[in-house]
Amino acid sequence: MFYTSTRSNTELVSAATIARGIAEDGGLFVPVEFPAVTPDFFQRLTGMDYCQRAKAVLSLYLTDFTAEEIEHCVTGAYRGSFENEEPAPVKEVKPGMHLLELWHGPTCAFKDLALQLLPYLLTASANKTDPGRTKVILVATSGDTGKAALDGFADVPGTRIIVFYPVHGVSAMQKLQMQTQTGDNVAVCGIEGNFDDAQSGVKAIFADPEMMKFLAEKKMDFSSANSINFGRLVPQIVYYISAYCDLIKQGKIKNGDAVNVCVPTGNFGNILAAYYAKQMGLPVKKFICASNRNNVLTDFINTGVYDRNRTFHATTSPSMDILISSNLERLLYHLYDGDNGAIRQLMNELRQNGKYEIRNDVLTRLQKDFYAGYCDDETVTKTISALFKDEKYLCDTHTAVAVNVYEQYVRDTGDNTPCIIASTASPYKFAPAVLPAVYEGTLPADEFAMTETLFETTGLPIPAPIASLRGKKVLHPAAIDKSDMSKFIREFLK
Ligand SMILES: *Cc1c(COP(=O)(O)O)cnc(C)c1O
């Protein structure tokens, strides 16, 4: 199995690329070819538990890892760190609508599925390519990646981790989760700006020769825990395949039947993983790309024009408040049949004008696989409220965006194919937005009191990682201007 950059094909690398995160030309690593599986594969996995399924899928991508290494990574990541030993349960909430709950991990968001595993993959990869050097994980987060990466990398030998988050762009609970993180190798810092500023800042630091020199002298290398790192995507492919197998097991579908997949989308990593599962052979009919008011992807999929020159909205689904959706570059690479020149040009246009348009035939191919829609905060509240009232199911704001856009899709198309909807976060991470949707009394003032009222109203248990935040000490109060990110990094690594 080989990987190449989206922006040039001169370099073919092995899975150990995970240790590097991003290609030298600024492009993203993509598989040259997808491992193909047949229906027997899904049949076989149906009889397995999550860890066994993960091993089966991972071994198709990480062909330079031994079976023992993969076993070590998977067991380390998934045994003992998820509620009820069930990393990704699937629940039918109403006929045909299956919520894939990805928030039973230590930080209560779907990022845990990849970020509990990534430190193991990265350490194993680094040992193959450049042992003895320290990996510095740089993270820009819209809220959930930061905490999940901190939890995964805290005190992992041979690594340091630095997380930047938009100081006014995350929920109070998300901020507290990050600010209270313990570990000798961690740094957390707010920046004045939004997620796109944090992400561009990190990308610029990756490409800064001065910084590279500074790191080289210290025998350090940067890597990424954002979904630009291919190591984030493979674990996400696993849970779509696992969900399909669970539907077979639950008797909801027969092996070979098509399903739809609906994903609340920001940086396009999660939905891309589902698309990758399809390239391997998972029978997916349509991908439903759900956005909040930052609907740059909705417009792109409907018109072929990507245009980030628009107002940035802070919404109640902050982890999707993104206007530069990094992983789209990977999808474009595949839709352009690996034409690096075309991708370089589109990405240049994006950098220079904030805008590009894809070829007509490519748009046709895109729309064959993808449907897109969006909804605003008010609709999110109504969706949470209705789902709770009608089905006694409580979902978070991000998942509500997906549920609503799925309903739009069914109304628009009449397509009742069973749908797997990615449920990406625990409602308790966003209590101030979720509570008013299901509770009519006066809202308590404090964030923790809100989680208790939410519990009294709905009966859904408060996840232990949220409850235990109360009274924890803030260890990382720093907030800086985005122009000071390099300085902050140098101070920390000194
Ligand atoms: C990160 C995140 C998303 C968006 O996922 P992408 O892979 O960036 O598209 C959606 N919901 C939640 C809760 C998230 O944390």
Side-chain angles (χ1 to χ4, degrees), residues 102-103 105-112 115 139-151 163-181 188-199 264-267 270 291-294 312-322 375-378 380-381 383-384 394-402 422-439 443-455 458 460 462-472 474 476-477 479:
L102 300 169
W103 40 266
T107 77
C108 311
F110 87 86
K111 310 290 200 299
D112 284 328
L115 284 165
V139 182
T141 182
S142 56
D144 288 327
T145 296
K147 178 61 185 183
L150 288 164
D151 192 278
V163 172
F164 294 104
Y165 67 93
V167 75
H168 304 295
V170 300
S171 82
M173 211 53 100
Q174 288 176 317
K175 187 188 282 183
L176 201 56
Q177 279 188 311
M178 292 188 275
Q179 290 185 327
T180 57
Q181 178 67 45
V188 178
C189 186
I191 62 155
E192 301 290 342
N194 58 36
F195 169 73
D196 291 315
D197 295 321
Q199 177 163 256
T265 302
N267 224 352
N270 203 5
S291 302
N292 64 25
R293 253 184 102 193
N294 296 294
F312 178 94
H313 299 285
T315 72
T316 56
S317 44
S319 302
M320 296 153 69
D321 290 347
I322 293 176
C375 72
D376 62 14
D377 286 353
E378 200 188 324
V380 163
T381 310
T383 306
I384 296 174
L394 184 70
C395 75
D396 95 295
T397 45
H398 304 74
T399 308
V401 170
S423 175
T424 50
S426 158
Y428 285 100
K429 278 190 112 159
F430 305 96
V434 172
L435 184 58
V438 295
Y439 175 72
L443 297 185
D446 140 83
E447 185 86 10
F448 288 100
M450 284 190 201
T451 61
E452 276 157 21
T453 310
L454 192 54
F455 170 65
T458 65
L460 183 74
I462 305 176
I466 299 282
S468 70
L469 272 181
R470 190 173 220 159
K472 268 199 186 158
V474 168
H476 310 277

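What you are looking at is a predicted structure, and each value in this text was computed from that prediction instead of being measured.
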Would you call Glu452 and Arg470 a salt bridge, using N to O less than 4.0 angstrom?
yes

Are side-chain heavy atoms of [X] and [Y] found at a separation under 4.5 Å?
X: Asn270; Y: Thr265; value: no
X: Asp377; Y: His313; value: no
X: Asp376; Y: Val380; value: no
X: Glu192; Y: Pro166; value: no
X: Phe195; Y: Val170; value: no
X: Leu460; Y: Leu454; value: no
X: Arg293; Y: Phe312; value: no
X: Gln177; Y: Leu469; value: yes

Calculate, to the nearest 0.5 Å, the distance between atoms [atom1] and [atom2] belonging to [X] and [Y] respectively.
X: Ile462; Y: Phe448; atom1: CD1; atom2: CZ; value: 10.0 Å
X: Ile384; Y: Leu394; atom1: CD1; atom2: CG; value: 7.0 Å
X: Asn267; Y: Thr145; atom1: CG; atom2: OG1; value: 8.0 Å
X: Met450; Y: Met173; atom1: CE; atom2: CE; value: 9.5 Å
X: Cys108; Y: Ile466; atom1: SG; atom2: CD1; value: 4.5 Å
X: Leu150; Y: Gln181; atom1: CG; atom2: CD; value: 4.5 Å

Between [X] and [Y], a side-chain donor and acceptor under 3.5 Å:
X: Gln199; Y: Thr141; value: no
X: Ser423; Y: Trp103; value: yes
X: Glu447; Y: Tyr428; value: no

How close do [X] and [Y] get, heavy atom to heavy atom, and via which atoms?
X: Val438; Y: Thr458; value: CG2-CG2, 4.2 Å
X: Asp321; Y: Asn292; value: OD1-ND2, 2.9 Å
X: Phe430; Y: Thr316; value: CD2-O, 4.4 Å
X: Ala431; Y: Pro436; value: O-CD, 4.0 Å
X: Val434; Y: Pro427; value: CG2-O, 3.8 Å
X: Ala422; Y: Leu102; value: CB-CD1, 4.2 Å

If only atom types and distance count, is the side chain of [X] paired as donor or acceptor with the main-chain N or O of [Y] below 3.5 Å?
X: His476; Y: Met178; value: no
X: Ser317; Y: Met320; value: no
X: Ser142; Y: Ser319; value: yes

Contacts of type side-chain contact (heavy atoms from CB on, under 4.5 Å), residue Ala148, not counting sequence neighbours:
Thr107, Lys111, Asp112, Leu115

Would you list the pairs meeting salt bridge (Lys or Arg N to Asp or Glu O under 4.0 Å) in which at least one residue belongs to residues 423-433, sequence neighbours left out?
Asp144-Lys429

Of the options Val401, Asp396, Thr397, which is the one that meets Thr399 in a side-chain contact (heavy atoms from CB on, under 4.5 Å)?
Asp396

